[in-house]
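Reviewing the structure listed below.
Remember, it's 1-based here, ligands and their atoms both numbered in the order they're listed.
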Amino acid sequence: MNTADQVLIFDTTLRDGEQSPGCSMTQPEKLRFARALAELGVDVIEAGFPAASRGDFEAVNAIAREVHGPVICGLARCNRDDIELAAKALRDAPRHRLHVFLATSAIHREHKLNMAKEEIIRIAVEGVTIARGLCEDVEFSPEDASRTELEFLAQVVEAAIDAGATTVNIPDTVGYTVPYEFGELFRYLRKNVRGIERARLSVHCHDDLGMAVANSLTAVVAGARQIECTVNGIGERAGNCSLEEVVMALKTRETFFNLRTNIQTTRLYPTSRLLSNIVGMPIPRNKAIVGENAFAHESGIHQHGMLKHHSTYEIMRPESVGLTRSSLVLGKHSGRHALRERIQQLGFELDEPEFNRVFAEFKALADKKKELFDGDIESLVLRAEGTAMGPWTLVDLQTVAGGGAPARAAAKLRHTDGRVVERGVAGDGPVDAAFKAIEAATGIDATLRKFELRSVSAGEDAQGEAIVYVEYNQRTYRGSSVSTDIVEASARAFLEVVNRIELARTAGARTRDERTGSARIAQAAV
Ligand code: KIV
Ligand code: ZN
(Lines give C-alpha, C1' and ligand atoms only; values in the text may rest on other atoms or scores of the structure.)
(Ligands and ions follow the chains in the order given, each with its own letter.)
Protein backbone atom coordinates (compact mmCIF):
# COMPACT_ATOMS: atom_id res chain seq x y z
CA MET A 1 0.00 0.00 0.00
CA ASN A 2 1.14 3.53 -0.72
CA THR A 3 2.02 4.98 2.68
CA ALA A 4 0.51 8.29 1.60
CA ASP A 5 -2.86 6.51 1.68
CA GLN A 6 -2.32 5.28 5.22
CA VAL A 7 -3.86 7.05 8.21
CA LEU A 8 -2.30 6.07 11.53
CA ILE A 9 -4.69 5.48 14.40
CA PHE A 10 -3.28 6.89 17.64
CA ASP A 11 -5.39 5.70 20.55
CA THR A 12 -5.45 7.91 23.63
CA THR A 13 -8.16 6.07 25.60
CA LEU A 14 -5.64 5.29 28.32
CA ARG A 15 -4.48 8.91 28.60
CA ASP A 16 -7.03 11.52 27.46
CA GLY A 17 -9.90 9.06 27.98
CA GLU A 18 -8.80 7.72 31.32
CA GLN A 19 -8.38 11.19 32.80
CA SER A 20 -12.07 12.03 32.38
CA PRO A 21 -14.34 11.76 35.45
CA GLY A 22 -15.54 8.24 36.23
CA CYS A 23 -13.19 6.61 33.69
CA SER A 24 -10.14 5.88 35.83
CA MET A 25 -8.72 2.37 35.57
CA THR A 26 -6.50 0.22 37.72
CA GLN A 27 -3.18 -1.00 36.34
CA PRO A 28 -4.45 -4.53 35.51
CA GLU A 29 -7.41 -2.96 33.71
CA LYS A 30 -5.10 -0.68 31.72
CA LEU A 31 -2.92 -3.62 30.74
CA ARG A 32 -5.92 -5.67 29.71
CA PHE A 33 -7.27 -2.83 27.61
CA ALA A 34 -3.87 -2.07 26.03
CA ARG A 35 -3.68 -5.72 24.90
CA ALA A 36 -7.13 -5.35 23.34
CA LEU A 37 -5.95 -2.20 21.54
CA ALA A 38 -2.98 -4.12 20.14
CA GLU A 39 -5.37 -6.80 18.85
CA LEU A 40 -7.57 -4.09 17.37
CA GLY A 41 -4.57 -2.97 15.34
CA VAL A 42 -4.04 0.60 16.54
CA ASP A 43 -0.70 2.03 15.42
CA VAL A 44 0.08 3.99 18.58
CA ILE A 45 -1.13 3.54 22.16
CA GLU A 46 -0.81 6.63 24.32
CA ALA A 47 -0.50 4.72 27.57
CA GLY A 48 -0.57 7.63 30.01
CA PHE A 49 1.15 10.67 31.47
CA PRO A 50 3.99 9.26 33.58
CA ALA A 51 4.65 12.48 35.50
CA ALA A 52 1.04 12.71 36.67
CA SER A 53 1.40 10.11 39.44
CA ARG A 54 3.33 7.05 40.46
CA GLY A 55 0.36 4.94 39.35
CA ASP A 56 0.49 6.47 35.85
CA PHE A 57 4.23 5.91 35.63
CA GLU A 58 3.88 2.27 36.61
CA ALA A 59 1.00 1.63 34.23
CA VAL A 60 2.90 3.13 31.28
CA ASN A 61 5.95 1.11 32.26
CA ALA A 62 3.96 -2.14 32.48
CA ILE A 63 2.34 -1.53 29.07
CA ALA A 64 5.74 -0.70 27.56
CA ARG A 65 7.07 -4.00 28.88
CA GLU A 66 4.15 -6.26 28.10
CA VAL A 67 2.18 -5.01 25.13
CA HIS A 68 3.68 -5.76 21.75
CA GLY A 69 2.88 -4.46 18.28
CA PRO A 70 1.88 -0.82 18.50
CA VAL A 71 4.23 2.06 19.28
CA ILE A 72 3.82 2.88 22.99
CA CYS A 73 3.66 6.58 23.72
CA GLY A 74 3.84 8.67 26.90
CA LEU A 75 2.80 12.29 27.39
CA ALA A 76 5.06 14.92 28.93
CA ARG A 77 5.02 18.66 29.45
CA CYS A 78 7.91 20.59 27.91
CA ASN A 79 10.22 20.24 30.89
CA ARG A 80 13.20 17.99 31.48
CA ASP A 81 11.77 16.17 34.52
CA ASP A 82 8.55 15.16 32.76
CA ILE A 83 10.34 14.12 29.60
CA GLU A 84 13.01 12.06 31.37
CA LEU A 85 10.38 10.35 33.49
CA ALA A 86 8.31 9.50 30.40
CA ALA A 87 11.42 8.16 28.64
CA LYS A 88 12.19 6.02 31.68
CA ALA A 89 8.63 4.64 31.78
CA LEU A 90 8.79 3.79 28.08
CA ARG A 91 12.31 2.45 27.77
CA ASP A 92 11.30 -1.25 27.64
CA ALA A 93 9.02 -0.84 24.62
CA PRO A 94 10.88 -1.78 21.43
CA ARG A 95 9.11 1.07 19.65
CA HIS A 96 8.18 4.07 21.74
CA ARG A 97 7.29 7.71 21.33
CA LEU A 98 7.63 10.80 23.51
CA HIS A 99 4.71 13.20 23.16
CA VAL A 100 5.49 16.70 24.41
CA PHE A 101 2.98 19.51 24.54
CA LEU A 102 2.75 23.21 25.31
CA ALA A 103 -0.18 25.60 24.99
CA THR A 104 0.13 28.24 22.29
CA SER A 105 -3.16 30.21 22.14
CA ALA A 106 -3.34 33.80 23.40
CA ILE A 107 -5.89 32.72 26.04
CA HIS A 108 -3.55 30.08 27.44
CA ARG A 109 -0.45 32.26 27.10
CA GLU A 110 -2.03 35.10 29.05
CA HIS A 111 -4.23 33.37 31.60
CA LYS A 112 -2.51 30.04 32.20
CA LEU A 113 1.15 30.33 31.39
CA ASN A 114 1.80 34.06 31.61
CA MET A 115 4.32 33.79 28.81
CA ALA A 116 5.16 35.80 25.72
CA LYS A 117 5.24 34.23 22.26
CA GLU A 118 9.07 34.11 22.17
CA GLU A 119 9.15 32.21 25.44
CA ILE A 120 6.62 29.67 24.12
CA ILE A 121 8.79 29.00 21.08
CA ARG A 122 11.92 28.72 23.20
CA ILE A 123 10.35 26.24 25.64
CA ALA A 124 8.74 24.18 22.87
CA VAL A 125 12.10 23.90 21.10
CA GLU A 126 13.82 22.99 24.36
CA GLY A 127 11.22 20.30 25.07
CA VAL A 128 11.44 18.75 21.61
CA THR A 129 15.27 18.88 21.71
CA ILE A 130 15.43 17.13 25.09
CA ALA A 131 12.93 14.50 23.87
CA ARG A 132 14.87 13.92 20.65
CA GLY A 133 17.99 13.36 22.72
CA LEU A 134 16.19 10.43 24.34
CA CYS A 135 14.02 9.04 21.56
CA GLU A 136 13.90 8.99 17.76
CA ASP A 137 10.14 9.28 17.65
CA VAL A 138 8.91 12.61 19.05
CA GLU A 139 5.48 14.15 18.76
CA PHE A 140 4.82 17.80 19.54
CA SER A 141 1.36 19.23 20.30
CA PRO A 142 0.64 22.96 20.47
CA GLU A 143 -2.23 22.73 22.94
CA ASP A 144 -5.31 24.81 22.02
CA ALA A 145 -3.93 25.06 18.47
CA SER A 146 -7.35 25.74 16.95
CA ARG A 147 -7.60 29.00 18.95
CA THR A 148 -4.02 30.06 18.23
CA GLU A 149 -3.20 32.88 15.80
CA LEU A 150 -2.43 31.08 12.50
CA GLU A 151 0.84 32.91 11.88
CA PHE A 152 2.13 32.16 15.37
CA LEU A 153 0.97 28.54 15.16
CA ALA A 154 2.95 28.15 11.94
CA GLN A 155 6.05 29.61 13.64
CA VAL A 156 5.78 27.19 16.60
CA VAL A 157 5.19 24.19 14.33
CA GLU A 158 8.15 25.13 12.13
CA ALA A 159 10.42 25.55 15.17
CA ALA A 160 9.27 22.18 16.60
CA ILE A 161 10.02 20.41 13.30
CA ASP A 162 13.43 22.10 13.08
CA ALA A 163 14.13 20.88 16.62
CA GLY A 164 13.37 17.30 15.55
CA ALA A 165 9.64 16.63 16.01
CA THR A 166 8.70 13.72 13.77
CA THR A 167 4.94 14.15 14.28
CA VAL A 168 3.13 17.45 14.74
CA ASN A 169 -0.29 17.08 16.29
CA ILE A 170 -2.90 19.84 16.00
CA PRO A 171 -5.34 19.68 18.91
CA ASP A 172 -8.76 21.24 19.01
CA THR A 173 -8.40 21.11 22.78
CA VAL A 174 -11.73 22.71 23.64
CA GLY A 175 -13.81 21.32 20.77
CA TYR A 176 -14.32 24.82 19.35
CA THR A 177 -13.50 24.55 15.68
CA VAL A 178 -15.83 23.65 12.81
CA PRO A 179 -14.94 21.45 9.83
CA TYR A 180 -14.42 24.13 7.17
CA GLU A 181 -12.29 26.32 9.42
CA PHE A 182 -10.21 23.35 10.62
CA GLY A 183 -9.55 22.17 7.07
CA GLU A 184 -8.32 25.68 6.24
CA LEU A 185 -6.00 25.59 9.25
CA PHE A 186 -4.33 22.40 7.98
CA ARG A 187 -4.06 23.82 4.46
CA TYR A 188 -2.51 27.00 5.90
CA LEU A 189 0.10 25.02 7.82
CA ARG A 190 0.98 22.87 4.81
CA LYS A 191 1.44 25.99 2.72
CA ASN A 192 3.25 28.21 5.23
CA VAL A 193 5.44 25.95 7.38
CA ARG A 194 8.87 25.41 5.90
CA GLY A 195 9.85 21.74 6.23
CA ILE A 196 6.31 20.55 7.01
CA GLU A 197 6.92 17.50 4.80
CA ARG A 198 9.53 16.28 7.30
CA ALA A 199 6.86 15.57 9.94
CA ARG A 200 3.64 13.58 9.97
CA LEU A 201 0.63 15.80 10.55
CA SER A 202 -1.79 14.58 13.19
CA VAL A 203 -5.21 15.69 14.42
CA HIS A 204 -6.66 15.57 17.96
CA CYS A 205 -10.25 16.71 18.42
CA HIS A 206 -12.58 17.09 21.38
CA ASP A 207 -16.33 16.79 21.04
CA ASP A 208 -17.74 19.81 22.88
CA LEU A 209 -19.89 20.81 19.91
CA GLY A 210 -20.35 17.25 18.67
CA MET A 211 -17.97 17.73 15.74
CA ALA A 212 -14.85 15.81 16.79
CA VAL A 213 -15.26 13.09 14.15
CA ALA A 214 -16.25 15.54 11.40
CA ASN A 215 -13.34 17.85 12.27
CA SER A 216 -10.88 14.92 12.29
CA LEU A 217 -12.08 13.72 8.88
CA THR A 218 -11.78 17.23 7.47
CA ALA A 219 -8.21 17.43 8.76
CA VAL A 220 -7.44 14.16 7.03
CA VAL A 221 -8.85 15.46 3.75
CA ALA A 222 -6.58 18.48 4.24
CA GLY A 223 -3.45 16.35 4.72
CA ALA A 224 -3.37 14.94 8.28
CA ARG A 225 -2.17 11.32 8.33
CA GLN A 226 -2.67 10.45 11.99
CA ILE A 227 -5.93 10.63 13.94
CA GLU A 228 -5.92 10.73 17.72
CA CYS A 229 -9.05 9.19 19.14
CA THR A 230 -10.53 7.11 21.95
CA VAL A 231 -12.71 4.01 22.06
CA ASN A 232 -16.37 4.96 22.67
CA GLY A 233 -15.20 8.60 22.38
CA ILE A 234 -14.46 8.83 26.11
CA GLY A 235 -12.43 11.84 27.17
CA GLU A 236 -12.33 15.24 28.80
CA ARG A 237 -15.79 16.88 29.10
CA ALA A 238 -17.85 15.76 26.08
CA GLY A 239 -15.11 13.36 25.04
CA ASN A 240 -12.70 12.88 22.15
CA CYS A 241 -13.06 11.81 18.54
CA SER A 242 -14.56 8.31 18.66
CA LEU A 243 -12.21 5.67 17.24
CA GLU A 244 -14.93 3.36 15.95
CA GLU A 245 -16.80 6.18 14.22
CA VAL A 246 -13.82 7.73 12.49
CA VAL A 247 -12.44 4.35 11.41
CA MET A 248 -15.78 3.14 10.02
CA ALA A 249 -16.31 6.48 8.24
CA LEU A 250 -12.96 6.01 6.46
CA LYS A 251 -13.79 2.39 5.64
CA THR A 252 -17.43 2.81 4.63
CA ARG A 253 -16.62 5.85 2.48
CA GLU A 254 -13.32 4.48 1.17
CA THR A 255 -13.99 5.57 -2.39
CA PHE A 256 -14.50 9.13 -1.15
CA PHE A 257 -11.49 9.35 1.18
CA ASN A 258 -9.22 6.92 -0.66
CA LEU A 259 -7.44 6.22 2.63
CA ARG A 260 -6.89 3.16 4.79
CA THR A 261 -6.15 2.27 8.41
CA ASN A 262 -4.64 -0.85 10.01
CA ILE A 263 -7.69 -1.41 12.22
CA GLN A 264 -9.22 -4.91 12.33
CA THR A 265 -12.75 -3.56 12.26
CA THR A 266 -14.28 -6.85 13.49
CA ARG A 267 -12.58 -6.10 16.83
CA LEU A 268 -14.41 -2.78 17.22
CA TYR A 269 -17.50 -4.10 18.96
CA PRO A 270 -15.73 -6.36 21.50
CA THR A 271 -13.19 -3.63 22.27
CA SER A 272 -15.96 -1.12 22.83
CA ARG A 273 -17.81 -3.55 25.15
CA LEU A 274 -14.62 -4.30 27.04
CA LEU A 275 -14.01 -0.61 27.72
CA SER A 276 -17.62 -0.01 28.68
CA ASN A 277 -17.37 -2.84 31.20
CA ILE A 278 -14.03 -1.75 32.57
CA VAL A 279 -14.99 1.88 33.17
CA GLY A 280 -18.63 1.10 33.92
CA MET A 281 -19.90 3.55 31.33
CA PRO A 282 -22.84 2.14 29.39
CA ILE A 283 -22.88 2.74 25.64
CA PRO A 284 -25.90 4.83 24.58
CA ARG A 285 -28.36 2.69 22.61
CA ASN A 286 -28.22 4.98 19.62
CA LYS A 287 -24.42 5.39 19.58
CA ALA A 288 -23.11 5.06 16.02
CA ILE A 289 -21.33 1.77 15.20
CA VAL A 290 -21.45 0.12 18.65
CA GLY A 291 -24.82 1.14 20.17
CA GLU A 292 -27.50 -1.50 20.66
CA ASN A 293 -29.70 0.17 18.03
CA ALA A 294 -26.94 0.86 15.50
CA PHE A 295 -28.05 -2.06 13.34
CA ALA A 296 -31.66 -2.46 14.53
CA HIS A 297 -34.57 -1.81 12.20
CA GLU A 298 -37.93 -1.16 13.81
CA SER A 299 -40.21 0.53 11.30
CA GLY A 300 -42.25 -1.68 8.99
CA ILE A 301 -41.01 0.06 5.83
CA HIS A 302 -37.37 -0.40 6.86
CA GLN A 303 -37.90 -4.03 7.85
CA HIS A 304 -39.61 -4.67 4.54
CA GLY A 305 -36.67 -3.10 2.67
CA MET A 306 -34.15 -5.08 4.72
CA LEU A 307 -35.94 -8.32 3.93
CA LYS A 308 -35.63 -7.52 0.21
CA HIS A 309 -31.97 -6.48 0.45
CA HIS A 310 -29.86 -5.33 3.39
CA SER A 311 -28.31 -2.51 1.37
CA THR A 312 -31.65 -0.68 1.33
CA TYR A 313 -31.17 0.60 4.89
CA GLU A 314 -27.75 -0.63 5.93
CA ILE A 315 -24.51 1.12 4.93
CA MET A 316 -22.27 -1.36 6.74
CA ARG A 317 -22.75 -4.94 7.80
CA PRO A 318 -22.95 -5.59 11.55
CA GLU A 319 -20.39 -8.40 11.13
CA SER A 320 -17.87 -5.86 9.77
CA VAL A 321 -17.68 -4.24 13.23
CA GLY A 322 -17.72 -7.58 15.05
CA LEU A 323 -21.39 -7.68 15.93
CA THR A 324 -22.60 -11.24 15.59
CA ARG A 325 -26.08 -12.40 16.36
CA SER A 326 -26.74 -15.95 17.40
CA SER A 327 -29.85 -18.04 17.61
CA LEU A 328 -28.00 -20.42 19.89
CA VAL A 329 -29.52 -20.37 23.38
CA LEU A 330 -27.19 -21.34 26.16
CA GLY A 331 -28.49 -22.91 29.36
CA LYS A 332 -27.53 -25.40 32.05
CA HIS A 333 -27.28 -28.26 29.54
CA SER A 334 -24.78 -26.43 27.33
CA GLY A 335 -21.28 -27.83 27.35
CA ARG A 336 -17.80 -26.38 27.16
CA HIS A 337 -17.74 -26.50 23.39
CA ALA A 338 -20.91 -24.42 22.91
CA LEU A 339 -19.77 -21.87 25.48
CA ARG A 340 -16.31 -21.58 23.95
CA GLU A 341 -17.80 -21.03 20.51
CA ARG A 342 -20.18 -18.34 21.75
CA ILE A 343 -17.35 -16.56 23.56
CA GLN A 344 -15.34 -16.57 20.36
CA GLN A 345 -18.28 -15.26 18.36
CA LEU A 346 -18.54 -12.41 20.83
CA GLY A 347 -14.93 -11.59 20.00
CA PHE A 348 -13.07 -12.81 23.08
CA GLU A 349 -10.04 -15.08 23.29
CA LEU A 350 -9.60 -16.73 26.67
CA ASP A 351 -6.70 -18.84 27.80
CA GLU A 352 -7.45 -22.20 29.45
CA PRO A 353 -7.45 -21.08 33.12
CA GLU A 354 -9.64 -18.07 32.26
CA PHE A 355 -12.01 -20.23 30.27
CA ASN A 356 -12.24 -22.71 33.14
CA ARG A 357 -13.18 -19.92 35.54
CA VAL A 358 -15.83 -18.61 33.14
CA PHE A 359 -17.21 -22.11 32.56
CA ALA A 360 -17.55 -22.76 36.31
CA GLU A 361 -19.32 -19.41 36.78
CA PHE A 362 -21.46 -20.10 33.73
CA LYS A 363 -22.67 -23.39 35.25
CA ALA A 364 -23.43 -21.70 38.59
CA LEU A 365 -25.38 -18.97 36.83
CA ALA A 366 -27.22 -21.42 34.59
CA ASP A 367 -28.53 -23.11 37.74
CA LYS A 368 -30.19 -19.82 38.72
CA LYS A 369 -31.30 -18.69 35.24
CA LYS A 370 -33.08 -20.66 32.52
CA GLU A 371 -31.40 -19.07 29.52
CA LEU A 372 -28.16 -17.18 29.26
CA PHE A 373 -27.99 -14.33 26.76
CA ASP A 374 -25.04 -12.54 25.20
CA GLY A 375 -25.11 -9.89 27.94
CA ASP A 376 -24.78 -12.64 30.58
CA ILE A 377 -21.87 -14.29 28.79
CA GLU A 378 -20.13 -10.93 28.31
CA SER A 379 -20.46 -10.05 31.96
CA LEU A 380 -18.95 -13.40 32.94
CA VAL A 381 -16.04 -12.94 30.55
CA LEU A 382 -15.49 -9.30 31.27
CA ARG A 383 -15.94 -9.55 35.00
CA ALA A 384 -13.18 -7.14 35.77
CA GLU A 385 -10.75 -7.82 38.52
CA GLY A 386 -13.37 -5.84 40.51
CA THR A 387 -13.83 -6.99 44.06
CA ALA A 388 -11.22 -9.67 43.49
CA MET A 389 -8.59 -6.95 43.14
CA GLY A 390 -8.66 -6.75 46.95
CA PRO A 391 -7.76 -5.97 49.62
CA TRP A 392 -11.32 -6.62 50.84
CA THR A 393 -13.50 -9.60 49.86
CA LEU A 394 -17.11 -10.15 50.76
CA VAL A 395 -17.43 -13.36 52.74
CA ASP A 396 -21.12 -13.08 53.58
CA LEU A 397 -23.98 -10.63 53.30
CA GLN A 398 -27.38 -10.95 54.97
CA THR A 399 -30.12 -8.39 54.55
CA VAL A 400 -33.60 -8.15 56.06
CA ALA A 401 -36.21 -5.71 54.81
CA GLY A 402 -39.98 -5.23 54.84
CA GLY A 403 -42.68 -5.62 57.47
CA GLY A 404 -42.47 -1.95 58.45
CA ALA A 405 -39.20 -2.34 60.39
CA PRO A 406 -36.03 -0.54 59.20
CA ALA A 407 -33.94 -2.64 56.81
CA ARG A 408 -30.82 -4.23 58.28
CA ALA A 409 -27.68 -5.66 56.74
CA ALA A 410 -24.88 -7.75 58.21
CA ALA A 411 -21.67 -7.87 56.17
CA LYS A 412 -18.69 -10.12 56.82
CA LEU A 413 -15.49 -9.05 55.06
CA ARG A 414 -11.97 -10.38 54.87
CA HIS A 415 -8.87 -8.21 54.37
CA THR A 416 -5.72 -9.54 52.69
CA ASP A 417 -3.84 -8.79 55.93
CA GLY A 418 -5.90 -11.58 57.57
CA ARG A 419 -8.51 -9.52 59.41
CA VAL A 420 -12.13 -10.71 59.26
CA VAL A 421 -14.57 -7.95 60.17
CA GLU A 422 -18.31 -8.28 60.68
CA ARG A 423 -20.73 -5.37 61.06
CA GLY A 424 -24.53 -5.16 61.20
CA VAL A 425 -26.33 -1.85 60.67
CA ALA A 426 -29.74 -0.42 59.79
CA GLY A 427 -30.38 1.61 56.67
CA ASP A 428 -32.93 3.19 54.43
CA GLY A 429 -33.72 0.00 52.49
CA PRO A 430 -31.54 -3.11 52.04
CA VAL A 431 -29.08 -1.53 49.55
CA ASP A 432 -28.39 1.46 51.81
CA ALA A 433 -28.01 -0.88 54.80
CA ALA A 434 -25.53 -3.06 52.85
CA PHE A 435 -23.45 0.01 51.85
CA LYS A 436 -23.41 1.23 55.45
CA ALA A 437 -22.39 -2.21 56.75
CA ILE A 438 -19.45 -2.26 54.29
CA GLU A 439 -18.45 1.26 55.31
CA ALA A 440 -18.59 0.30 58.98
CA ALA A 441 -16.50 -2.83 58.40
CA THR A 442 -13.82 -1.16 56.25
CA GLY A 443 -13.72 2.23 57.95
CA ILE A 444 -14.07 4.00 54.59
CA ASP A 445 -16.71 6.69 54.62
CA ALA A 446 -17.47 7.69 51.04
CA THR A 447 -20.17 9.96 49.62
CA LEU A 448 -22.52 8.19 47.24
CA ARG A 449 -23.02 10.37 44.16
CA LYS A 450 -24.88 8.11 41.77
CA PHE A 451 -26.36 4.64 41.79
CA GLU A 452 -27.62 2.89 38.65
CA LEU A 453 -29.28 -0.47 38.16
CA ARG A 454 -29.88 -2.05 34.77
CA SER A 455 -30.59 -5.44 33.40
CA VAL A 456 -27.78 -7.00 31.37
CA SER A 457 -29.99 -9.44 29.49
CA ALA A 458 -33.60 -10.27 28.74
CA GLY A 459 -36.19 -12.30 30.64
CA GLU A 460 -37.80 -12.29 34.07
CA ASP A 461 -34.73 -13.89 35.62
CA ALA A 462 -32.35 -11.39 33.99
CA GLN A 463 -29.17 -10.46 35.83
CA GLY A 464 -28.95 -6.94 37.21
CA GLU A 465 -25.87 -4.77 36.91
CA ALA A 466 -25.31 -2.26 39.68
CA ILE A 467 -23.04 0.74 39.05
CA VAL A 468 -21.99 2.89 41.96
CA TYR A 469 -20.24 6.27 41.82
CA VAL A 470 -18.84 7.73 45.01
CA GLU A 471 -16.74 10.71 45.91
CA TYR A 472 -13.84 10.33 48.27
CA ASN A 473 -11.10 12.86 48.85
CA GLN A 474 -12.25 14.96 45.86
CA ARG A 475 -11.96 11.99 43.53
CA THR A 476 -14.71 10.09 41.82
CA TYR A 477 -14.60 6.29 42.06
CA ARG A 478 -16.78 3.83 40.22
CA GLY A 479 -17.60 0.22 40.85
CA SER A 480 -19.89 -2.25 39.13
CA SER A 481 -21.06 -5.79 39.64
CA VAL A 482 -23.55 -8.22 38.13
CA SER A 483 -25.78 -10.75 39.88
CA THR A 484 -29.25 -12.24 39.72
CA ASP A 485 -29.67 -10.69 43.18
CA ILE A 486 -29.60 -6.90 42.86
CA VAL A 487 -28.81 -6.26 46.53
CA GLU A 488 -25.76 -8.50 46.23
CA ALA A 489 -24.76 -6.80 42.93
CA SER A 490 -25.08 -3.40 44.63
CA ALA A 491 -23.02 -4.47 47.65
CA ARG A 492 -20.27 -5.93 45.44
CA ALA A 493 -20.21 -2.78 43.30
CA PHE A 494 -19.83 -0.71 46.47
CA LEU A 495 -17.08 -3.01 47.71
CA GLU A 496 -15.23 -2.55 44.41
CA VAL A 497 -15.28 1.18 45.05
CA VAL A 498 -13.95 0.66 48.57
CA ASN A 499 -11.14 -1.49 47.17
CA ARG A 500 -10.27 1.14 44.57
CA ILE A 501 -10.12 3.79 47.31
CA GLU A 502 -7.84 1.59 49.40
CA LEU A 503 -5.59 0.88 46.43
CA ALA A 504 -5.39 4.57 45.54
CA ARG A 505 -4.55 5.40 49.16
CA THR A 506 -1.76 2.88 49.33
CA ALA A 507 -0.40 3.75 45.87
CA GLY A 508 -0.22 7.37 47.04
CA ALA A 509 -2.04 8.40 43.89
CA ARG A 510 -2.56 12.10 43.52
CA THR A 511 -6.00 13.63 43.43
CA ARG A 512 -7.44 14.02 39.95
CA ASP A 513 -6.96 17.77 40.08
CA GLU A 514 -3.22 17.34 40.05
CA ARG A 515 -3.33 15.32 36.86
CA THR A 516 -3.22 16.46 33.26
CA GLY A 517 -6.06 18.29 31.57
CA SER A 518 -6.27 21.79 30.21
CA ALA A 519 -7.60 23.48 33.30
CA ARG A 520 -5.53 21.40 35.67
CA ILE A 521 -2.22 22.15 34.05
CA ALA A 522 -2.73 25.80 34.96
CA GLN A 523 -0.41 25.78 37.95
CA ALA A 524 2.08 23.31 36.55
CA ALA A 525 5.60 24.40 35.78
CA VAL A 526 6.41 24.01 32.09
O1 KIV B 1 -6.56 18.17 24.00
C2 KIV B 1 -5.35 18.40 24.03
O3 KIV B 1 -4.87 19.49 23.70
C4 KIV B 1 -4.48 17.34 24.50
C5 KIV B 1 -3.01 17.52 24.26
C6 KIV B 1 -2.21 17.13 25.43
C7 KIV B 1 -2.63 16.79 23.01
O8 KIV B 1 -4.93 16.33 24.96
ZN1 ZN C 1 -7.09 16.12 24.39
Short list, please: which atoms of ligand 1 are under 4.0 Å from a heavy atom of [X]?
| X | value |
| --- | --- |
| P171 | 2 (C), 3 (O) |
| S141 | 7 (C) |
| E143 | 3 (O) |

Crowded around E197 CD? As in, over 12 foreign heavy atoms under 6.0 Å? yes

Decide yes or no on salt bridge (charged side-chain N to carboxylate O under 4.0 Å, His left out) for K112 and E143, but give the supporting numbers first. CA-CA 12 Å; K112 186 176 93 169; E143 193 194 3; 2.9 Å; yes

Can you find an N/O atom of T173 closer than 3.5 Å to an N/O atom of ligand 1?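 Yes; at least one N/O pair falls below 3.5 Å.
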
Could you tell me whether some N/O pair between N169 and ligand 1 is separated by less than 3.5 angstrom?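 No, there is no polar N/O contact under 3.5 Å.
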
Backbone, side chain, both or neither: what part of [X] comes under 4.0 angstrom of ligand 1, heavy atoms only?
| X | answer |
| --- | --- |
| H204 | side chain |
| D16 | side chain |
| R15 | side chain |
| H206 | side chain |

Qualifying residues under ring-ring contact (aromatic ring centres under 6.0 Å, His included), relative to F451, sequence neighbours excluded: F435

Stepwise, does the salt bridge (charged side-chain N to carboxylate O under 4.0 Å, His left out) test hold for E118 with R122? CA-CA 6 Å; E118 304 70 44; R122 180 179 61 75; over 6 Å; no

H204 vs H206 aromatic rings, parallel, tilted or perpendicular, using cut-offs 30° and 60°?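 Geometry flag for H206 against H204: tilted rings.
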
Have a look at V71 and tell me which of E139, R95, E46 forms a side chain to side chain contact (heavy atoms under 4.5 Å, CB included) with it. R95

Quick one: which of N169, T148, I170 gives a side chain to side chain contact (heavy atoms under 4.5 Å, CB included) with P142? I170

Residues R35, E66; criterion salt bridge (charged side-chain N to carboxylate O under 4.0 Å, His left out); working and verdict: CA-CA 8 Å; R35 289 200 180 98; E66 295 182 35; 2.9 Å; yes

For the Zn ion (ligand 2), check which protein N, O or S atoms are under 2.8 Å away and list them.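 Atoms qualifying: D16 OD2, H204 NE2, H206 NE2.
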
Centre of F295's six-membered ring, under 6.0 Å away, within 45 degrees of the axis: is that where NZ or CZ of R317 sits?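 That pair does not qualify as a cation-pi contact.
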
Report the C-alpha distance between K251 and E254 in whole Å, list the side-chain angles of each, state the deciding distance to 0.1 Å, and finish with yes or no for salt bridge (charged side-chain N to carboxylate O under 4.0 Å, His left out). CA-CA 5 Å; K251 185 177 162 102; E254 195 176 333; over 6 Å; no

